[in-house]
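One structure is given below, encoded as structure tokens.
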Amino acid sequence: MKIRVTLMTENDKPVSDLGDNSEEAAKRAWEFICALLNTRNQKERATVEKVEIVE
């Protein structure tokens with residue numbers, strides 16, 4: 001079974017702080033968070049499907 005969850009996160013930093021490839025930087029950060037979650041439970045797996053910057 002697969003479950004797709006959509007998260008909307010906010011912060012007070014401008015997109016320009018992430019550099020030239022802001023979506024890739026955000027994706028790497030969320031992949032790190034998923035990796036932490038995945039180490040806690042080996043039977044379930046969280047992955048990042050896509051990242052979209054919304055201004």
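We number each residue from 1, following the sequence as shown.
- For V54, the side chain to side chain contact (heavy atoms under 4.5 Å, CB included) criterion is met by E52, not counting sequence neighbours.
- With rounding to the nearest 0.5 angstrom, the NZ atom of K27 is 10.5 Å from the CG atom of N21.
- There is no path of hydrophobic side-chain contacts, each under 4.5 Å, that joins W30 to M8.
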Could you pull out all donor-acceptor pairs under 3.5 Å where a side-chain atom in residues 31-41 meets a protein atom, sequence neighbours excluded?
from, atom 1, to, atom 2, distance (Å)
N38, OD1, A46, N, 2.7
N38, ND2, C34, O, 3.2
N38, ND2, A46, O, 3.0
T39, OG1, L36, O, 2.7
N41, OD1, K43, N, 3.0

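- There is no path of hydrophobic side-chain contacts, each under 4.5 Å, that joins L7 to I53.
- Residue pairs meeting the salt bridge (charged side-chain N to carboxylate O under 4.0 Å, His left out) criterion with at least one partner in residues 4-21, sequence neighbours excluded, are R4-E49.
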Query raised in the report: Could you walk me through whether R28 and E24 pass the side chain to side chain contact (heavy atoms under 4.5 Å, CB included) check?
Result: CA-CA 6 Å; R28 281 194 312 270; E24 183 61 32; 3.3 Å; yes
